[in-house]
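Read the numbers this way: they start at 1 and go in the same order the structure lists the ligands and their atoms.
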Amino acid sequence: MILHETYTLQDRFADNGLKRSVEAAHAKLQTYGGMTGWRELPAQSEELIQQIQQAAEQIRRQSTLLVVVGIGGSDLGCRAVSELMEHRLNGVKLAYLGGSLDAVSAKRTLALCQQHEVSTCIVSKSGGTMEPAVGTKLILDYLQQRYPNTWQSRVYAVTDGQKGKLRALCQKHGFVSFTVPENVGGRYSVLSPVGLLPLAAAGADIRALLKGAEKEQALCETLDWENNGALRYAYLRNLYLRAGRNVEMLCGFAPYTASLGLWWRQLFGESEGKNGLGIFPSTAVYTADLHSMGQFVQQSGGRLFETFLVPALDEEVLAVPAFEDGNDYLDGTELSALCRIASHATADAHNDGGVPVITLEPKDFSEEGIGELIQFFLNACAISALTLGVEPFDQPGVEAYKKNIRDMLAE
Ligand code: PA5
């Protein structure tokens, strides 16, 4: 992953031993054990990849729509990756259930089902989360009514290997199922069957995704400050945080980066936001959000920094036509060139306002490029959290609201 420091204003912030702390965090991660199974996911077994491909082919034979049931770490990764390449995917269409408690959204998804042949992929590591439990009931009830004799063959599940209600349901009805590795937490699991199965069904090349991730993982294991962008990203984030900049905005420059922003937000928010520490992760899509958030950012007065996401290669070529509307200065300019100019102009302006801008440059949003980007963020997040002194792989604060809901339902 290429990380540019042209706009980072790094010389204004004091290191105070931070580089050594990041190196110590990196070393700690290499032998951390526990929930770091995501480091091995890019090199997972050929046998598993083939099983996923077979299930994906079966889904494509049976259906034109796959309803993914899941929430948080169980659906955001799939949403992020599929949205980045939606215009190139030629497999089943993806729809979502169980990511909210909203009846309108659920009814919309069920109405969409009526226009398609349908299968479902239910993803829940614990197998007991309330929102996907509601989604599971809705979709299984729907499938049972629509395909009374064959509904079980349209259900795919990804859950714990041994325990949980979803595992029990798989055993009872004989659903095709995959396992979320025990040592991989939800928000780190997109390159396990959690993301790979629905993405393969949608037509993504999951081998290329894993290949990109494997290349990045090899880089991230080195202490090479030149080429290991994860080290530098973790360093800059902590540098800014120590100087009081506790809000980060991840800014893509295309509408289809929005879900990636939400995946990134969960990854960093849930990994770092503990004990009153951590950077508040926020996300925007430029240039649209320059017209809504640009004012705040420009005059944010030392509270935040931005991370721009700008792929090196342009996927599409489209020149502005010379239609006579008085804006002749745009005629003949490539949109991609305009976009690049906009990113530099914005970084310049925000720098003038004292806002540091880190620029991440994945090679492109191909499967390989996305695989690199995912593995880059996972490593950077773990190193950054360990530098900060928090446990990157738990989420004790998520339990409180769940307990309240259970108590209120019981009443
Ligand atoms: O990252 C996490 O651990 C969470 O976001 C979980 O993925 C989310 O709460 C869903 O949990 P489960 O997969 O057990 O249904």
Side-chain angles (χ1 to χ4, degrees), residues 32 34-39 41 67-82 96-102 105-106 120-140 155-170 175 177-199 259-274 278 281 283 374-375 377-382 384-385 390-406:
Y32 204 71
M35 298 297 285
T36 57
W38 51 271
R39 297 172 68 230
L41 288 179
V67 177
V68 178
V69 177
I71 196 165
S74 289
D75 78 331
L76 287 178
C78 170
R79 285 180 190 250
V81 176
S82 61
Y96 298 91
L97 257 185
S100 83
L101 298 173
D102 176 52
S105 312
T120 187
C121 176
I122 304 172
V123 187
S124 176
K125 185 174 182 188
S126 63
T129 308
M130 187 187 59
E131 294 90 336
V134 172
T136 300
K137 282 179 186 290
L138 286 169
I139 194 67
L140 293 188
V155 183
Y156 300 78
V158 187
T159 187
D160 186 272
Q162 310 289 333
K163 50 187 193 300
K165 292 175 187 152
L166 183 54
R167 178 52 63 195
L169 208 60
C170 291
F175 304 150
S177 67
F178 292 87
T179 298
V180 189
E182 207 172 341
N183 60 355
V184 178
R187 60 190 176 277
Y188 291 82
S189 70
V190 55
L191 296 180
S192 78
V194 167
L196 294 181
L197 177 59
L199 288 168
S259 289
L260 179 73
L262 298 182
W263 171 82
W264 167 90
R265 189 179 70 171
Q266 183 199 4
L267 178 66
F268 281 82
E270 214 165 71
S271 299
E272 286 188 328
K274 288 158 195 168
T283 179
I374 288 171
Q375 209 65 16
F377 276 136
L378 298 181
N379 278 279
C381 179
S384 189
V390 299
E391 163 59 48
F393 308 118
D394 66 2
Q395 54 283 330
V398 183
E399 283 312 307
Y401 99 94
K402 293 186 189 169
K403 183 182 175 307
N404 287 351
I405 293 184
R406 278 195 299 269

**Student:** Are a donor atom and an acceptor atom from the side chains of Y188 and S271 found within less than 3.5 Å of each other?
**Tutor:** yes
**Student:** Test ring-ring contact (aromatic ring centres under 6.0 Å, His included) on Y156 and F178; report intermediate values, then the result.
**Tutor:** CA-CA 8 Å; Y156 300 78; F178 292 87; 8.1 Å; no
**Student:** Measuring from each atom of ligand 1, which residues have a heavy atom under 4.0 Å away?
**Tutor:** I71, G72, G73, S74, S124, K125, S126, T129, G186, R187, Q266, E270, Q395
**Student:** Between the side chains of Q375 and R39, is a donor N or O closer than 3.5 angstrom to an acceptor N or O?
**Tutor:** no
**Student:** For the residue pair T159 and V123, establish whether any side-chain heavy-atom pair is separated by less than 4.5 Å.
**Tutor:** no
**Student:** Step through the shown structure and confirm whether more than 12 heavy atoms of other residues, nucleotides or ligands are within 6.0 Å of NZ on K137.
**Tutor:**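 Not more than 12 within 6.0 Å, no.
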**Student:** Flag yes if more than 12 heavy atoms outside K165 fall under 6.0 Å of its NZ atom; otherwise flag no.
**Tutor:**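 Atom NZ in K165 is not packed in, count stays at 12 or less.
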